[in-house]
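As the structure lists them, so they are numbered: ligands from 1, and atoms in each ligand from 1. In this chain, residues are counted from 1 in sequence order.
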Amino acid sequence: MSEQTTIRHDWHTTEVQALFDLPFNDLMFKAQTIHREHFNANEVQVSTLLSIKTGACPEDCKYCSQSARYKTDIDKERLMAVNNVLEAAQKAKDQGSTRFCMGAAWRNPKERDMPAVVDMVKGVKALGLETCMTLGMLSSDQADELQSAGLDYYNHNLDTSPEHYNQIITTRTYQDRLDTLSNVRSAGMKVCSGGIVGLGEKAQDRISLLIQLANLSPQPESVPINMLVKVEGTPLSDVADLDHFEFIRCIAVARILMPKSHVRLSAGRSEMNEQMQSLCFLAGANSIFYGCKLLTAENPETNQDIILFEKLGINTETIASADEEDQMLKVKTAVIDQQHSDLFYNAVN
Ligand code: SAM
Ligand code: DTB
Ligand code: SF4
């Protein structure tokens, strides 16, 4: 295999620290170079999020508007009816989204919820959209059931480093998260897993989170990097801002460590101007959430994103173009491998 396409799962702190320590322009150049080896540099994948069950969550994630433990200003809602979810999915498709991601404020789905959730997956899939869900922890049986229904991706974030984790969540462990990711993988679904920065963590925690993600084997197909959305009423509402350049560096390092993954410029875009978002794309981000709402927080309006994409000459990825890219990559890798074995053959003969 060529050096460019080798995916490493043995990253160490010192080498990742060295990437963070590069002069900004050097880091951007390195990330953009790797990005271009694997993706069309002017294409961004777009997903739309929908909260299918909002608030009253028993977990204590200190950043979250939906935890029942904090007094936040959100409208709690029971599990949505399947036809309302499908209506929202159709709208997302009409606006150009290719993936529909359904999120629920659950610790984990209850057995009684599974039939409705399965119908949502089948219905969204039938509209011609890629399907994604984020419902909390999954057992292996639940993962199998969702995969059989046609779920393409499951989102479950590691959120932060193992070292900082207990400062943020106490109601489930880091290992619980890794177990869910392993159940998702074993069921044959694609993994969407990333984290949040700006939680008041140290620089070392951001390095450690990215290493955890990159050392998953296989690496997650999709890696959302969220900038904390500070929610009034949560314990993290007043945490100090993370410097925007540090955020861009996180995106660039994620791109370098996970060359073939879609890196998503995820929550927090409402607080970022066009120039900041453009630097994130230059650093290798190639996916966003499209639509004016995330789960409960604001996101830029779709037409603002369209204007920005036009200014930057960015096209949105179609499902077909993602498949073609996958094919092209396989062809490129096969050609490079062939060249290498020819070289080896010539060298030894
Ligand atoms: N309840 C499920 C769970 O936590 O596994 C699924 C939904 S949960 C809202 C999905 C992810 O959204 C969290 O793991 C976290 O990474 C991200 N998130 C939630 N609130 C956030 C906030 N205020 N700022 C940034 N990211 C946030
Ligand atoms: C992810 O990494 N970010 C999305 C999605 N996965 C589910 C959620 C962001 C939530 C932002 C805060 C809110 O809307 O409440
Ligand atoms: Fe619940 Fe998910 Fe929010 Fe944690 S992040 S409180 S599990 S909705």
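- The side-chain hydrogen bond (donor to acceptor under 3.5 Å, both in side chains) test with Gln17 singles out one residue from Thr14, Thr13, Asp21, and that residue is Asp21.
- Using a 4.0 Å cut-off between charged nitrogen and carboxylate oxygen, Asp113 and Lys53 do not count as a salt-bridge pair.
- Of the heavy atoms in Val229, both backbone and side-chain atoms come closer than 4.0 Å to ligand 1.
- Between Ala116 and Leu79, the closest heavy-atom pair is CB-CD2, 4.0 Å.
- Side chain of Asn108 to main chain of Gly136: no donor-acceptor pair is present (N/O by atom type, distance under 3.5 Å, no hydrogens or angles).
- Of all the atoms in ligand 1, the ones that sit under 4.0 Å from a non-hydrogen atom of Thr134 are 6 (C), 7 (C).
- Here is the list of ligand 1 atoms found below 4.0 Å of a heavy atom in Leu295: 9 (C).
- Contact annotation: for Ser65 versus ligand 1, there are no heavy atoms closer than 4.0 Å.
- Within the 4.0 Å heavy-atom criterion, neither part of Arg69 lies near ligand 3.
- Between the side chains of Asp176 and Thr173, at least one donor N or O lies within less than 3.5 Å of an accepting N or O.
- No donor-acceptor pair closer than 3.5 Å links the side chain of Arg69 to the backbone N or O of Lys62.
- Summarising the contacts of atom 17 (C) of ligand 1 with Leu158, Asn108, Ile196, the nearest heavy atom is found in Ile196.
- Side-chain atoms of Asp60 and Thr170 form a donor-acceptor pair, as typed in the model, at a separation below 3.5 Å.
- At a heavy-atom distance under 4.0 Å, no atom of Lys53 approaches ligand 1.
- Rounded to the nearest 0.5 angstrom, Asp94 CG and Thr302 OG1 are separated by 11.5 Å.
- Which of Arg172, Glu59, Arg107, Met137 comes nearest to atom 4 (O) of ligand 1 through a heavy atom is settled by distance: it is Arg172.
- Using a 4.0 Å cut-off to heavy atoms of Asp159, the atoms of ligand 1 that qualify are 13 (C), 14 (O), 15 (C), 16 (O).
- For ligand 2, one of its N or O atoms has an N or O atom of Thr296 under 3.5 Å away.
- For atom 4 (Fe) of ligand 3, the neighbouring protein N/O/S atoms at less than 2.8 Å, given as residue and atom, are Cys61 SG.
- Between the CD atom in Gln212 and the CD1 atom in Ile207 there is a gap of 13.0 Å [rounded to 0.5 Å].
- Side-chain atoms of Glu163 and Ser208 form a donor-acceptor pair, as typed in the model, at a separation below 3.5 Å.
- Scanning all protein heavy atoms for the shortest distance to atom 4 (C) of ligand 2 gives Phe289 CE1, 3.6 Å.
- Under a 4.0 angstrom heavy-atom cut-off, Gly103 registers as lying outside contact with ligand 1.
- Although no hydrogens or angles enter the test, the distance criterion places no donor-acceptor pair under 3.5 Å between the side chain of Glu43 and the main chain of Asn315.
- Salt-bridge formation is not detected for the pair Lys230/Glu271: no Lys NZ or Arg NE/NH1/NH2 atom is positioned less than 4.0 Å from an Asp or Glu carboxylate oxygen.
- When each atom of ligand 1 is checked for a heavy atom of His156 under 4.0 Å away, the hits are 5 (O).
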Between Arg172 and Tyr165, is a side-chain contact (heavy atoms from CB on, under 4.5 Å) present by the stated rule, with each step listed?
CA-CA 10 Å; Arg172 72 174 72 151; Tyr165 187 81; 3.3 Å; yes
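- A side-chain donor-acceptor contact under 3.5 Å links Ser67 to the backbone of Glu59.
- Other residues, nucleotides and ligands contribute only 12 or fewer heavy atoms inside 6.0 Å of the NZ atom of Lys122.
- No heavy atom of Val229 sits closer than 4.0 Å to any atom of ligand 2.
- Residue Leu49 touches ligand 2 through its side chain alone, judged by heavy-atom distances below 4.0 Å.
- At a heavy-atom cutoff of 4.0 Å, ligand 2 is contacted by the side chain of Thr134 but not by its backbone.
- Among all non-hydrogen protein atoms, the one lying nearest atom 12 (O) of ligand 1 is Asn157 ND2, 4.3 Å.
- With a 4.0 Å heavy-atom cut-off, ligand 2 is reached by the side chain of Ser266 but not by its N, CA, C or O.
- Per-residue contacts place Trp106 under 4.0 angstrom from the following atoms of ligand 1 (heavy atoms of the residue considered): 1 (N), 2 (C).
- Counting the atoms of ligand 1 from 1 in the order shown, those under 4.0 Å from a heavy atom of Met227 are 25 (C).
- With respect to Arg206 and Glu246, a salt bridge is recorded, a charged nitrogen being found less than 4.0 Å from a carboxylate O.
- Using a distance-only test at 3.5 Å, with no hydrogens or angles considered, no donor-acceptor pair links the side chain of His262 to the main chain of Val223.
- Atoms of ligand 2 lying under 4.0 Å from any heavy atom of Asn157, numbered from 1 in the order shown and given with element: 1 (C), 2 (O).
- For atom 1 (N) of ligand 1, the nearest non-hydrogen atom from the set Ser266, Ala104, Gly198, Pro58 comes from Ala104.
- Proximity to Leu294 (heavy-atom distance under 4.0 Å) selects the following atoms of ligand 2: 11 (C), 14 (O).
- A donor and an acceptor atom, one from each side chain of Thr54 and Glu77, are nowhere located under 3.5 Å apart.
- Distance remark: protein heavy atom present below 4.0 angstrom from atom 7 (S) of ligand 3.
- Closest to atom 12 (C) of ligand 2 by heavy atom, among Cys64, Ser65, Ala297, Ala267, is Ala297.
- Residue, atom and distance of the protein heavy atom nearest to atom 20 (N) of ligand 1 are Tyr63 CD1, 3.3 Å.
- By the 6.0 Å contact criterion, CG on Asp73 is open, its count of non-hydrogen atoms from other residues, nucleotides or ligands being 12 or less.
- When only non-hydrogen protein atoms are considered, atom 3 (N) of ligand 2 lies nearest to Asn226 OD1, 3.0 Å.
- Asp159 has a carboxylate O that lies under 4.0 Å from a charged side-chain N of Arg177, or vice versa, which qualifies the two as a salt bridge.
- Using modelled atom types, one side-chain atom of Thr180 and one backbone atom of Leu138 make a donor-acceptor pair closer than 3.5 Å.
- Under a 4.0 Å criterion applied to the non-hydrogen atoms of Asn155, ligand 2 contributes the atoms 5 (C), 6 (N), 7 (C).
- Close N/O approach between Pro224 and ligand 2 is not found [any backbone or side-chain N/O within under 3.5 Å].
- Regarding atom 10 (C) of ligand 2, its nearest protein heavy-atom neighbour is Leu295 CD1, 4.2 Å.
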